[in-house]
Amino acid sequence: MAIRSRDTRAMIDRYRPWEVVLIYLGIFAFLFFLLAPFIEGFLVSLKPLSQLFSSPYRFWPENGSFEAYRTMWISVPGFGRYIFNSFLISTVATCVVLILVVPAAYAFARFDYKGMGFVLAGFLAVSMFSGAVLLIPLFRLMRTLGLLNTYFAMIVPGVAFLIPSAIWLLRTYMMRIPTELNEAAYMDGASQFYTFRRVILPIARPGIVVVAITTFIGAYAQQFIFALTFNSKTEYMPLPVGLFAYFGKQDVIWNELMAASFVGIAPALIIIFFLQRYLVGGLTAGAVKQ
Amino acid sequence: MTTLFRKSLIVMALAGTTALPAMAEEISWIYCGDKIDPVHEKYIKEWEAANEGWTIAVEVVGWAQCQDKATTLAAAGSPAAMAYVGSRTLKEFALNDLIVEVPMTDEEKAAYYPNIVDTVTFEGTQWGVPIAFSTKALYWNKDLFREAGLDPEKPPTTWAEEIEYAKIIKEKTGKAGYGLPAKTFDNTMHQFLHWVYTNNGQIIDADGNIVMDSPQVLAALQAYKDITPYSVEGATAYEQNEIRAIFLDGSVGMIQAAVGAAYLLQDTDIDWGVTALPLGPDAKGNGTLLITDSLAIFKDSGVEEKATEFAKFITSPKVQEEYEGGGAAGLTPLRPGPAVDAMLAANPFWQPFIDGIQFGGPEPLFTDYKGFQNVMIEMVQSVVTGAAEPQDALTKASAAIVEYK
Amino acid sequence: MIKSRSSLIFAWALLVPAILYILVIVAWPLVETVRLSFTDASLRKVTNYVGWRNYEKIFNETFLTVITRTFTWTFFSVLLKMVIGTFGAVLLNAAVPGRHLFRILTMPPWIVPMAIGIFMWGWMYNGQFGMISGLLQRFGLVDGPVAFLAYGETAYWATIVTDVWIGVPLVTIYFLAAIQAIPKDLYEAAWTDGASRWTRFRRITLPLMAPAIITMSMLSLIATFNSFDIIWILTQGGPSGQTTTMIIDTYQTAIGSKKYGEGAARAVVICIFLSIFCIAYFRVTRRLAAAEKA
């Protein structure tokens, strides 16, 4: 089957037409499941409030308009600020997490000294406690540390709860990097640190990027309970708290809430878009021959 | 980017280390909502000007979370000076020694509508300053009445009629006759209390005895069972706002709701009416559920006295009237007066909401309100889904709520 | 691996920052929570030690149903996440045009604040106005409105679907990274030997994804066991407590009824269950991995 053609992709990547159709079908089904609620949410954001609840179910809005996207800024004036806050908090949190986690994951992946298993299990145990239960002791701790009502009030606990899964995910990824690379470097006289920094880290890049993305998103949208309890300054509030501002005493301004949600996640989507090109596959082909 | 980053770090570090010496005394106020009401803002400034050296630090917290935040802060030892709370929580705060008494003079008590003071009274004294009030009434869809062959100008006045009409509407029009909310939300219990209080029933008496297992309350539960077949399908999935939405859509004949629905209905083209809640066989007069929200003054804030003073000021007749805005805020007025009369003249649909106050009842005061509520919701759900018979469910619930007293 | 004194120091030096951070921020609240579980802590300022009473209370009530329900709910949710995640990862790995866009389009359920995503699902499940009920009626598949959250059975699965929906993006992306780490030469070699796509998937992709699957399923298990927001916002544990899991019960006790002591005890019990499970999980997977190497 050695057909000469202008197609320069690997043979393995060439699909027969029916396979392509299947693949696309599969992807669309997959994406439909993931995006259907957003379609609904988007339609809601287009409907005027009085028409939100109407039966029989109508897919297309009747008096649809983007009005809610305009009025949302009036109902909750600080919304832009909230998006910025979320962005700031997540970025800082992600950086801190990476600084702490990348070395630790490497240690767990490469070394197996006494007590390390214990530590690893300890990290995991942290994630077994729901944040809500720890709230009051955490509050007292934050108060003692003097971090209340600052950005740190949300960053510090957030980082703590993001560390466990980040370590585990990155550790698994790093464990797959062949140890021969370490040995080769050792033969060449490299120190442990040099090996870590110059040899392993670049190869681990896709894994680190994935962990960075997941940590960022975890911090971006999930910082609700900590922000609510540890912070009283409206100027520092992150996005989720801002979204709850669309809840009135009796009513929820649903269309604006949905509009605000879409606007709110846009920055995160943009970040992902830029980062995902670093998700380049594969251990360097041919770095080490099996 | 890095300069911005560095600058942000500096800013954050500064923000974190700021500890200005208290030059002015501060009263922190946890305020439920998404922003401070303009009326309140105006009077806060006025008060601050009249009380030099004092500032009110308002922290605006969303409705869904403000109660929890106030509680968490108090439990952790950093209470706010005052907070907007549901009056039903006052007993719990009081018994746990977290709030201070705010006794009212006889003069102050007399100014309110009857029974309002009871919602904040416990062990002979008052524990909160009422700031918001809501009552419920019956809405009916005249178009659906007409379609079902019922007289659109004659809404039901008794339970029997209510159930009967619901049945007719369901049979003749295919649409639900009544909107019964039975979701695991607090409104489920509230709505049940409408029925209890329109039948002279009680959950807990003045001495703190559980008197729920009575013929009056049983009749209410039985009525619930009777009206379920003609209610919105899948009642356990709906709470009051969703039921109201169904009514606004013209798909249900009758609902029991607060005055907010009236304002929303004006934007639709439904022909509707509102009247007092239908009465049960043992009723003495028009009743309803009286829900008040109050300002609670927390202990150990260091500014309890001044906070009490401010709380009374911000709910004084003049300020309160402006805040209620002749009904525009959707709040039932706390005190009778010329403003209320004007409101009734301009918007007669307010009348049933005022009429029900006299024989209305409060949210029962329990120490563990959530525990009590869960039992009540469970009771209602078991009857509505047919999982239990009314008498059994009632007896079981009566026994269960004793521990939450 | 080179084992030497300096390596030892190096390894621990790498770990120390993370350990310190967790110790300072989390250790004390954790210890405090365990301590609280032995008290009758509530809103009252005075708390007393009550020994094991809180724990006894947990196992005396109808908690067994709640425990079983938590396990089954978690099991189904994690299973679905792994399957759909693998499905998605394989598809997104395919070298078809538009794959970069598709990858980004998988992210929204994870990015959007959880509460908002849940509200959207709440909308879809609404019997009167929701998309699912509406479309089912439109296509004549059901007679009247279907309120999914009104009935125990459907509510159970509805909450699982929403939980799966939120979890799939992360699983998919992680699996995708794992698949992309598999050297292409392996596939090419197999292809030259005439292996079909399915065989290649079964013999190469899956086994080499195994560590990722194990890690992810374990993390997912822990997170799903504690999955709170979804059930709370959609059904609050109802109807009639039929979607109440351990964490819902814990929240109702600790935050709802302000019984912090009892709530802490429940949290500790959850942690113990999860720990036991994780240990068992490890043992089993280690044995499986050893068996495969043999």
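We name chains A, B, ... by the order of the sequence lines, and we start the count at 1 in each one.
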B:Asp368 versus chain C, the contacting section by heavy-atom distance below 4.5 Å: side chain
Regarding C:Glu262 and C:Lys57, does a basic nitrogen lie under 4.0 Å from an acidic carboxylate oxygen? yes
For C:Arg35, does the CZ atom have more than 12 heavy-atom neighbours from other residues, nucleotides or ligands under 6.0 Å away? yes
Under a 4.5 Å heavy-atom cut-off, does chain C meet the side chain of B:Val232, its backbone, both or neither? side chain
Chain C contact via B:Tyr238 - side chain, backbone, both or neither, heavy atoms under 4.5 Å: side chain
Salt-bridge criterion met for C:Lys81 and C:Asp163 (N-O under 4.0 Å): yes
Check: B:Trp127/B:Ser294 side-chain N/O donor and acceptor closer than 3.5 Å: no
Inspect the surroundings of NZ in B:Lys225 and state if more than 12 heavy atoms from other residues, nucleotides or ligands are less than 6.0 Å away. yes
Shorter than 4.5 Å, heavy atoms on both sides: which option in B:Asp68, B:Leu98, B:Leu95, B:Ile377 has the most such pairs with chain C? B:Leu98
Engaged part of B:Tyr369 at the chain C interface, taking heavy atoms whose separation is under 4.5 Å: neither
For the residue pair C:Ser37 / C:Tyr55, report whether a side-chain donor-acceptor contact shorter than 3.5 Å exists. yes
Whatever's closer than 4.5 Å to a heavy atom in chain B on C:Ser240 counts as both
Tell me, which pairs form a salt bridge (Lys or Arg N to Asp or Glu O under 4.0 Å) where one or both residues lie in residues 220-232 of chain C, sequence neighbours left out? none
Closer than 4.0 angstrom, basic N to acidic O: yes or no for C:Lys258 and B:Glu92? yes
So for B:Ala387, is it side chain, backbone, both, or neither that comes closer than 4.5 Å to the heavy atoms of chain C? neither
Give a yes-or-no answer on whether the side chains of B:Gln391 and B:Thr395 include a donor-acceptor pair shorter than 3.5 Å. yes
Give the interface residues of residues 116-125 of chain C toward chain B, defined by a heavy-atom separation under 4.5 Å. none
Assert top hit (heavy-atom pairs under 4.5 Å, partner chain B, pool C:Gly241, C:Pro239, C:Ala155) equals C:Pro239
Checking heavy atoms, do the side chain of C:Phe148, its backbone, both or neither come under 4.5 Å from chain B? neither
Hey, are B:Glu363 and B:Arg88 close enough for a salt bridge, meaning a charged N less than 4.0 Å from a carboxylate O? yes
